[in-house]
Amino acid sequence: MGAAALAFAAPAAAAPYRSGEVIVRYAEGTNQTQADSALRATGTAPGETAGPGAQVLQIRDGQSVRATVHELAHQPGVSYAVPNYIAHAAGFVPNDPGRGRSPGGWQAIQWNFLATVGIDAPDAWTNAAALGAPGGRGVVVAVLDTGVAYENRGRFRRSPDFAASTFAPGYDFVDLDNHPDDLNGHGTFIAGVIAESTNNRRNLTGIAYGAKVMPVRVLDADGLGDAASIGRGIRWAVNHGARVINLSLEFDPSTPRSQIPEVLNAISYAHRKGVVVAAASGNEAERAIAYPARANGVISVGATTEHMCLADYSNTGSGLSLVAPGGGPDADIPEDPTHCRPAARSGRDVYQLTFTGGSVRRFGVPSGYQGTSMATPHVAATAALVIATGLLGRRPTPDAVAKRLETTARDLGTPGYDSRYGYGLLNAAAATAAPAAAKRRR
């Protein structure tokens, strides 16, 4: 129990109470002369009011907080004296510095992970750790994409905020070998949203930082891939132990289901085998979801902005499951002026560590990443957290996981399900909350 408690404690550098300060409460009937006498006797000076009859005192004589509390407790007219204890956010707040050097600086740019306008990752991290599954430990998430910067081999370098142990063996269905190295950066970005190393004082954070990523390359250096490769990639991931598959890819909205049987059959196979599939709804602002997100058994994911509005590029339509942060400009939705401000400055992009400068050896936190591609790994990673916690049993079905994410989502737009937001904005904290914890928060 003690070790578990340490997982969500405040950073080690933070004091449990304010140095040089104590809080004193005077007994009823204590007059100013008695209060002044207590201050002189303990080397303290009055500060701000802490509540009715209570005051913060500044220690002026160099004594420790504990010694001053002891002295005050023995002064006439003092009801109690205590240190001015420090609280911290109710959730595991990692020390990753983001673009700067300050611990916790990731919060300045990873708006998509915050409780206010994002998915509330900190409370989800706390929930998962309390249930013995920190960061989704034990779950394998397959990233079917342009590959991942997962190894040091030849000209390739592993992204510096990934540990070698983060990865399960993968496969390259473009070059047909066992080295699904990224030549684009997109796949590395997606893998970072899912499982970038967290609380290691480096760069940014990942949602399911304890899960393993299985890199499966089905898209080439230009981000293009064919149905046959994608279908084979899905089956390969299922057969090699993936519990969740992320498809941050789409076919043109004009492509009918009859033309991609290899992909749809592979998705059906994954569903029968108990593997969760999450896919991007598409980025054409169409009123129809693109395949493969439109397929039965897939969690289809649209995108929201930093304002909690539908992103202007996000495809909508019947069958949309959820939305998650994708960044960029707001859609024009006049009936939702609180969240949607299309004429105002666009919300920020989504940020994660990936290639910069067109080099597979140079890494940074570039701008320009927005889309339903960015939204989808939020859902895949949260699915991994839910599976790892055992909240739905040891081997939850894909439908059970999807229902959990949908019923715990934050409702946006028209009350209840709608074709713009599906069941709402992904809420990772609510999805990973144990029933008793959920009841206490109501």
Side-chain angles (χ1 to χ4, degrees), residues 90-91 111-124 126-127 207 276 278-282 285 287-289 293-294 298-342 344 347 350 371-372 374-383 385-386 389 391-392 398-435 437-442:
W111 60 270
N112 46 311
F113 287 6
L114 301 182
T116 49
V117 294
I119 67 166
D120 194 2
D123 285 314
T126 298
N127 293 341
I207 299 165
V276 175
S281 71
R287 293 184 179 178
I289 300 167
R294 195 172 171 181
V298 174
I299 302 175
S300 53
V301 187
T304 54
T305 71
E306 190 177 3
H307 307 136
M308 290 198 301
C309 180
L310 182 75
D312 71 345
Y313 51 78
S314 188
N315 288 355
T316 60
S318 175
L320 182 70
S321 304
L322 294 163
V323 289
D330 293 354
D332 188 1
I333 305 177
E335 58 266 39
D336 190 7
T338 301
H339 297 124
C340 298
R341 302 184 292 275
V350 176
T372 56
M374 283 66 252
T376 304
H378 292 76
V379 172
T382 302
L385 293 180
V386 169
T389 61
L391 285 167
L392 304 179
D399 290 342
V401 175
K403 184 176 180 180
R404 177 75 176 188
L405 300 183
E406 291 165 357
T407 57
T408 57
R410 188 190 310 188
D411 194 24
L412 295 177
T414 304
Y417 180 87
D418 65 78
S419 61
R420 285 183 177 135
Y421 296 101
Y423 288 95
L425 176 62
L426 176 71
N427 186 333
T432 55
K439 185 175 181 179
R440 283 195 299 270
R441 278 201 291 269
R442 285 200 290 269

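We're numbering straight along the sequence, starting at 1.
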Given side chains that start at C-beta, do those of Leu392 and Val386 come closer than 4.5 Å, heavy atoms only? yes

Nearest 0.5 Å, what's the CD1-CG distance between Ile299 and Asp399? 9.0 Å

Taking the side chain as every heavy atom from C-beta outward, state whether Tyr417 and Ser321 have any pair of such atoms under 4.5 Å apart. no

Would you check if the side chain of Ser300 reaches a backbone N or O of Gly319 as a donor-acceptor pair within less than 3.5 Å? yes

Minimum heavy-atom distance Pro325-Gly118, with the two atoms named: CG-CA, 4.2 Å

Please confirm whether the backbone N or O of Asp411 pairs with a side-chain atom of Tyr421, one donor and one acceptor, at under 3.5 Å? no

With the side chain counted from C-beta on, respond yes when His307 and Val117 share a heavy-atom pair under 4.5 Å apart, and no when they do not. no

To the nearest 0.5 Å, tell me how far Asn112 CG sits from Leu426 CG. 11.0 Å

Short side-chain to backbone donor-acceptor contact, Thr372 and Ala280, under 3.5 Å: no

From NE2 (His378) to CG (Leu405), nearest 0.5 Å: 13.5 Å

Calculate, to the nearest 0.5 Å, the distance between atoms OG and CZ belonging to Ser318 and Arg287 respectively. 14.0 Å

4.5 Å side-chain heavy-atom contact, Pro377 and Val379: no

Which atoms form the tightest heavy-atom contact between Cys340 and Ala331, and what is the distance? CB-O, 3.7 Å

Side chains of Thr304 and Leu310 in contact at under 4.5 Å (non-hydrogen atoms): no

Between the CG atom in Leu425 and the SG atom in Cys309, the distance rounded to the nearest 0.5 Å is 11.5 Å

side-chain contact (heavy atoms from CB on, under 4.5 Å), that's the test. Do Thr407 and Tyr423 meet it? Break it down for me. CA-CA 7 Å; Thr407 57; Tyr423 288 95; over 6 Å; no

Check: Asn427 main-chain N/O paired with Asp120 side-chain donor or acceptor under 3.5 Å: no

Could you pull out the closest heavy-atom pair between Ser314 and Gly302, with the gap in Å? OG-CA, 3.4 Å

Verify side-chain contact (heavy atoms from CB on, under 4.5 Å) between Thr389 and Asn127, making sure each step is shown before the conclusion. CA-CA 9 Å; Thr389 61; Asn127 293 341; over 6 Å; no

Check whether any side-chain N or O of Asp336 sits under 3.5 Å from a backbone N or O of Gly413 as a donor-acceptor pair, and report yes or no. no

Mind checking the CD1-OG1 spacing from Ile289 to Thr316? Nearest 0.5 Å is all I need. 7.5 Å

Are any side-chain N or O atoms of Arg404 and backbone N or O atoms of Ala431, one a donor and one an acceptor, separated by less than 3.5 Å? yes

